[in-house]
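What follows is one structure encoded as structure tokens, with my remarks underneath.
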Amino acid sequence: MGVTGGIREMPQVTEVPDATDSEALATLHRVFGYDAFRGEQQEIIEHVVAGGDALVLMPTGGGKSLCYQIPALVRPGTGVVISPLIALMQDQVDALRALGVRAGFMNSTQDFDERRTVEAEYLAGELDLLYLAPERLRLDSTRDLLARGKISVFAIDEAHCVSQWGHDFRPDYLALSLLGERWPDVPRIALTATATRATHEEITQRLNLPTARHFVASFDRPNIQYRIVPKADPKKQLLAFLREEHAGDAGIVYCLSRNSVERTAEFLTANGIDAVPYHAGLEAATRAAHQSRFLREDGLVVVATIAFGMGIDKPDVRFVAHLDLPKSIEGYYQETGRAGRDGLPSTAWMAYGLNDVIQQRKLIQSGEGDEAFRRRAASHLDAMLALCETAQCRRGQLLAYFGQDPDTKGCGNCDTCLTPPETWDGTVAAQKALSTVVRLQRERGQKFGATQIIDILLGKRTGKVIQFDHDQLSVFGIGQDLTETEWRGVVRQLLAQGLLAVEGEYGTLVLTEASGSVLRREREVPLRKEPKKPAASRSRSTGASAGAGKTKAAAAELPDTLLPAFEALRAWRAEQAREQGVPAYVIFHDATLREIVTRWPGSVRELGTVGGVGEKKLATYGEGVLEVLASLDGGAPAPAGDAPDADWPEPADEPEPDDWI
């Protein structure tokens with residue numbers, strides 16, 4: 001068996017009879033309301049239905065869930081889904097039940113009677129899908145229960161949690177290799193949205209999937225615009241970003257500390273943005289309430305640590321913002337991927353500055369773990385810094401990190417493509433900064449942080465400079481050709497390039513092995529120019545405006561004549577969701593509502609041809625949707641050709657719905 005790029009070439013899928021193909025496609029249409037699979041979904045599903053193991057790497061919003069849900073519905077027995085998302089299991093099950101799927105879950109939030117009911121349903125063969133937390137599989141009672149029923153497929157969701165080097169490591173995932181040992185005839189499918197080649201190999205090894213077929217979809221999320229701005233006053237920058245580009249939109253803001261989460265949520269609320277905090281220090285009831293509001297309400301902003309977001313199925317998250325530097329590209333990609341699951345224009349925005357670099361370096365040095373762990377953490381941070389400092393296409397750098405070939409022409413939908421940054425020869429500036437560090441260490445035996453270094457370069461006689469006689473150094477004032485902001489950019493980029501390092505709990509700057517080559521004039525140091533102000537919003541390649549103001553992205557491509565109908569359906573959907581106590585997207589996704597108003601069906605049968613309207617939803621909501629459309633004054637707008645100024649989009653122009661459950 002050969003090896004290509006560090007990943008084993010797996011045997012080809014066994015030929016599957018046409019009847020199986022038809023059954024999977026019929027299930028897709030009947031249950032989920034779609035007429036065709038996307039990308040590699042069909043190939044994955046056929047392979048698992050035929051009894052093969054699979055490892056699936058597919059970006060958030062790419063339709064991973066269908067890859068195990070349809071095999072569970074087609075194969076005899078119950079599909080068992082291992083998921084770490086206890087807080088979301090109820091919502092996942094509610095969404096499936098709304099589709100007519102017999103689903104249940106077992107976790108620590110249930111009382112004895114609730115668990116007994118689910119156990120009885122499983123043993124009676126009355127469940128299509130059963131969700132379990134990985135912790136429960138360590139219990140003999142759970143394994144014995146599963147052995148008494150018939151299992152159609154094991155799905156291991158968020159499989160990257162098995163990686164001990166990963167950003168979401170869960171020790172209980174290490175025990176999941178037992179599934180193949182105890183149930184060798186049940187196919188297993190492991191799925192994740194985030195994995196480098198090394199993590200990919202680790203998942204294969206730790207889950208004991210030696211013969212699994214590997215499916216790696218593109219990691220590209222073309223609807224997300226990636227932007228990184230210089231950090232000045234981050235809360236005010238965030239507020240301007242929300243007001244100018246995402247007023248009234250739902251989104252997530254990530255901060256590094258609980259204190260920062262609390263302060264940012266309070267700041268946004270005080271300035272008219274509906275925002276709530278979420279972090280592990282809050283009471284469980286408060287966290288649950290805030291998560292529930294985010295899932296069920298339109299336009300709420302959650303300010304959170306990384307404790308929030310994994311498995312969130314909310315399709316209309318229009319932005320993800322970072323006020324602090326993520327620790328790795330894997331974490332950044334996972335977090336930004338929670339935006340735009342419906343395929344509509346969304347933004348990944350981050351404010352990044354010198355203190356972020358210093359703080360992350362300090363955390364690595366002072367954190368737990370052995371030297372190997374610190375080296376790995378530093379490697380992850382280096383890759384994240386390279387993404388922040390690149391003058392090339394950010395999307396291309398992301399794809400290259402995950403081992404995929406980027407478009408050499410650029411993506412046209414990130415800040416470095418829309419507003420290419422200028423670069424300059426920073427060799428002399430680097431020499432000045434490094435020389436200052438040298439003078440302090442060699443002449444005074446002292447180490448200081450970035451602020452003192454920059455004050456010396458600028459010739460500032462601050463209290464601290466005078467206290468230590470640093471105005472007597474030969475390097476005092478040699479950097480007055482640059483501004484303080486520019487010097488902070490120089491120091492930040494020297495840290496990113498490994499030409500300076502951070503030492504100790506106070507974040508003092510020291511030289512590295514590579515510093516000498518710059519001081520000896522053996523190495524040039526190209527640097528990005530610091531922009532005078534954050535890049536202005538630019539139009540996306542999709543044609544939607546990045547600075548759309550209060551216009552919802554979901555309605556951005558609809559003509560004005562259809563907006564009242566779209567908003568009327570959203571209001572009807574919200575009422576249905578409140579009555580049933582489920583998130584609005586469980587009723588219908590925005591993309592489905594857009595297609596409904598675009599096609600304006602006149603009968604239940606016509607409504608059934610809309611993407612995302614399966615048999616169960618058609619029976620439950622069909623008449624209600626038609627009543628909303630019929631109640632609008634004037635009925636359906638006139639299609640193009642009936643009037644000179646008609647603005648009715650042709651159905652062929654509508655993008656394929658991108659809101660798979």
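Take Arg188 and apply the side chain to side chain donor-acceptor pair (under 3.5 Å) test, not counting sequence neighbours, and it matches no residue. Among residues two or more places apart in sequence or in another chain, the salt bridge (Lys or Arg N to Asp or Glu O under 4.0 Å) test is passed with Glu119 by none. In terms of the salt bridge (Lys or Arg N to Asp or Glu O under 4.0 Å) criterion, residue partners of Glu297 (sequence neighbours excluded) are, by chain and number, Arg293. In terms of the side chain to side chain donor-acceptor pair (under 3.5 Å) criterion, residue partners of Gln580 (sequence neighbours excluded) are, by chain and number, Tyr621. Partners of Thr109 by side chain to side chain donor-acceptor pair (under 3.5 Å), not counting sequence neighbours, listed by chain and number: Asn107.
Applying the 6.0 Å contact sphere to CD of Glu283 captures no more than 12 heavy atoms from other residues, nucleotides or ligands.
Using modelled atom types, one finds a donor on one side chain and an acceptor on the other under 3.5 Å when comparing Glu46 with Gln42. Neither side chain, Arg221 nor Ser346, offers a donor N or O lying under 3.5 Å from an acceptor on the other. Residues His380 and Ser328 bring no donor and acceptor atom of their side chains to less than 3.5 Å of each other.
Proximity of the aromatic rings of His322 and Tyr332 is defined here by a centroid distance below 6.0 angstrom, and this criterion is met. In summary, the aromatic rings of Phe154 and Tyr68 are positioned with their centroids too far apart to meet the 6.0 Å limit.
Under 4.0 Å is where a charged nitrogen must lie from a carboxylate oxygen, and between Asp590 and Arg570 at least one such pair does. Ion pairing between Arg213 and Glu43 holds under the 4.0 Å rule for side-chain N and carboxylate O.
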Sequence neighbours excluded and cut-off under 3.5 Å, please list the side-chain donor-acceptor pairs for residues 70-82, or say none.
unit_1	atom_1	unit_2	atom_2	d
Arg75	NE	Ser152	O	2.8
Arg75	NH1	Val49	O	2.8
Thr78	OG1	Leu127	O	2.7

